[in-house]
Amino acid sequence: MSNIIEITDFAAPELDIYARLTETQLLNRHEPEKGLFIAESPKVIERALDAGCIPVSILLERKHIAGQARDILARCGNIPVYTAEFDVLTQLTGFQLTRGMLCAMRRPKLPDVAEICKDAHRVAVLENVMNPTNVGAIFRSAAALNIDALLLTPACSNPLYRRSIRVSMGTVFQIPWTFLGNAASGYPQTDIRRLKDFGFKTAAMALSNRAVSIDDPQLMSEEKLAIILGTEGDGLSASTITDCDYTVCIPMSHDVDSLNVAAASAVAFWQLGRR
């Protein structure tokens, strides 16, 4: 049975999660086991629950208690459920973007890179992709276009930031992912070598005179392939490109030299995810 609590005081500390804590505060780098994230909308919350994420509290418009939130509330046990009418809830920052429902959840423990790669045939590696919108869009494309897992360098935006989750439509809970080693671990050389040890050929998405087209037959026939995408603007580092087995480009027209990293990922995943 849900613990329904009518909101009467917007300054109450239990509402800080939804209205006042920053993404960095929610992440809680010093005590990651206490980290939280915010899932928005019933569909996204359901996907997070399906993935085993543990709910802490819920904020929702009162009319949804017996409506679209009913099944979700039944799955969440006796956690606090904060509620009010819509015109009251709009006083809380960002609530109008939630489709009526927010859920604070504990951040799950991330798997090891070896676990991620064990049974995968197509993985994507994001190098320093810092825009949470792009990260979310890449996850959505990966889920739709047959990518088995994603690996992120430490400088990437966290996939469980609120905007990334929202843009991904909750696919961050469906595609296995984890972070590669920290800066001291020797990325990119160490991590690219590790991918090769797992049996992957590595393909750097980059502009280069030695680049092959994305529909290159040998590239497409690789049994295990890691597709590496770089940061917005600068793209991949020179050392990453040098260390990869392939440099790959998407043929362009009208003198356009490149696509946004999220758009490029969708094209790459569609072409190279087929097997």
Side-chain angles (χ1 to χ4, degrees), residues 17-18 21-29 32 35-53 55 59 93-108 110-111 116 120 122-180 205 226-236 250 258-270 272-273:
I17 294 173
Y18 300 104
L21 295 187
T22 65
E23 293 284 14
T24 300
Q25 289 171 316
L26 289 170
L27 180 58
N28 199 347
R29 294 183 189 276
L36 301 170
F37 68 87
I38 304 296
E40 302 185 35
S41 84
K43 180 187 287 290
V44 171
I45 294 169
E46 285 178 341
R47 286 179 171 172
L49 291 171
D50 290 344
C53 295
L59 175 69
T93 301
F95 186 79
Q96 63 271 23
L97 302 177
T98 69
R99 298 186 183 177
M101 191 173 187
L102 295 172
C103 184
M105 294 181 157
R106 299 207 178 279
R107 288 178 178 260
L110 294 179
I116 287 277
R122 291 291 185 269
V123 301
V125 179
L126 307 188
E127 180 182 283
N128 304 340
V129 178
M130 292 174 264
N131 185 309
T133 298
N134 284 336
V135 170
I138 292 169
F139 266 86
R140 189 171 181 177
S141 293
L145 299 170
N146 299 310
I147 300 302
D148 298 314
L150 279 97
L151 303 170
L152 300 91
T153 63
C156 284
S157 178
N158 194 290
L160 294 185
Y161 282 169
R162 185 166 160 180
R163 185 165 183 81
S164 292
I165 296 172
R166 181 169 65 245
V167 172
S168 81
M169 289 297 294
T171 54
V172 294
F173 306 114
Q174 296 178 311
I175 298 294
W177 64 273
T178 197
F179 283 102
L180 294 165
M205 299 295 300
I227 304 162
I228 306 178
L229 298 129
T231 185
E232 302 87 347
D234 293 336
L236 292 171
I250 300 170
S258 64
L259 297 173
N260 164 275
V261 64
S265 75
V267 175
F269 298 164
W270 182 85
L272 300 174

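Because the structure is predicted, anything quoted here is derived from the model rather than measured.
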Keeping the roles fixed (side chain from Arg122, backbone from Phe269), state whether a donor-acceptor pair exists under 3.5 Å. no

Supply the atom-to-atom distance Tyr18 OH to Arg162 CZ, rounded to the nearest 0.5 angstrom. 10.0 Å

Would you say the side-chain atoms of Trp177 pair up with the backbone N or O of Leu152, donor to acceptor, closer than 3.5 Å? no

Closest non-hydrogen atom pair, Val125 against Ala226: CG2-CB, 4.5 Å

Roughly how far, to the nearest 0.5 Å, is CD1 of Ile227 from CG of Leu150? 9.5 Å

In Å, rounded to the nearest 0.5 Å, how long is the span from CD1 of Ile45 to CG of Leu102? 7.0 Å

I want to check something: taking the side chain as every heavy atom from C-beta on, are Ile147 and Ile175 in contact at a cut-off of under 4.5 Å? no

With sequence neighbours left out, write down each residue that passes side-chain contact (heavy atoms from CB on, under 4.5 Å) with Thr231, or none if nothing qualifies. Asn128, Met130, Asp234

Looking at every heavy atom in both Ala39 and Val44, which two are closest together, and how far apart are they? CB-CG1, 4.0 Å

Phe173 and Asp50: CA distance, side-chain angles, deciding distance, side chain to side chain contact (heavy atoms under 4.5 Å, CB included) verdict: CA-CA 8 Å; Phe173 306 114; Asp50 290 344; over 6 Å; no

Can you give each donor-acceptor pair under 3.5 Å made by side-chain atoms of residues 131-139, sequence neighbours left out, with the distance rounded to 0.1 Å?
from: Asn131; atom 1: OD1; to: Thr133; atom 2: N; distance (Å): 2.7
from: Asn131; atom 1: OD1; to: Asn134; atom 2: N; distance (Å): 3.3
from: Thr133; atom 1: OG1; to: Arg163; atom 2: NE; distance (Å): 2.6
from: Asn134; atom 1: OD1; to: Asn260; atom 2: ND2; distance (Å): 3.4
from: Asn134; atom 1: ND2; to: Glu232; atom 2: OE2; distance (Å): 3.0

Pair Ile17, Ile38 - check side chain to side chain contact (heavy atoms under 4.5 Å, CB included), show working. CA-CA 8 Å; Ile17 294 173; Ile38 304 296; 3.3 Å; yes

Write down the atom of Gly35, the atom of Asn28, and the distance for their closest heavy-atom approach. CA-CB, 4.0 Å

Closest heavy-atom contact between Ile116 and Pro111? CD1-CG, 3.7 Å

Nearest 0.5 angstrom please: Cys156 SG to Glu127 CD, how far? 8.0 Å

Where do Ile165 and Leu160 come nearest, in terms of heavy atoms and distance? CD1-O, 3.4 Å

If we only count heavy atoms from C-beta on, is the Arg47 to Thr171 side-chain gap below 4.5 Å? yes

pair Met205-Val261: side-chain heavy atoms closer than 4.5 Å: no

Look up atom CG in Leu126 and atom OG in Ser265, then write down how far apart they are to the nearest 0.5 Å. 8.0 Å

Donor-acceptor contact present, side-chain Arg107 to main-chain Leu36, <3.5 Å: yes

Using side-chain heavy atoms (C-beta onward) and a distance below 4.5 Å, is Ser157 in contact with Ser164? yes

Do Leu151 and Thr178 pass the side chain to side chain contact (heavy atoms under 4.5 Å, CB included) test, and can you show the C-alpha distance, the side-chain angles, and the key distance before you say yes or no? CA-CA 5 Å; Leu151 303 170; Thr178 197; 3.7 Å; yes

Closest non-hydrogen contact found for Pro154 with Phe179 is CA-CD2, 4.2 Å

Could you tell me whether the side chain of Glu23 reaches within less than 4.5 Å of the side chain of Leu26, counting heavy atoms only? yes

What is the distance from atom CE of Met169 to atom OG of Ser41, rounded to the nearest 0.5 Å? 6.0 Å

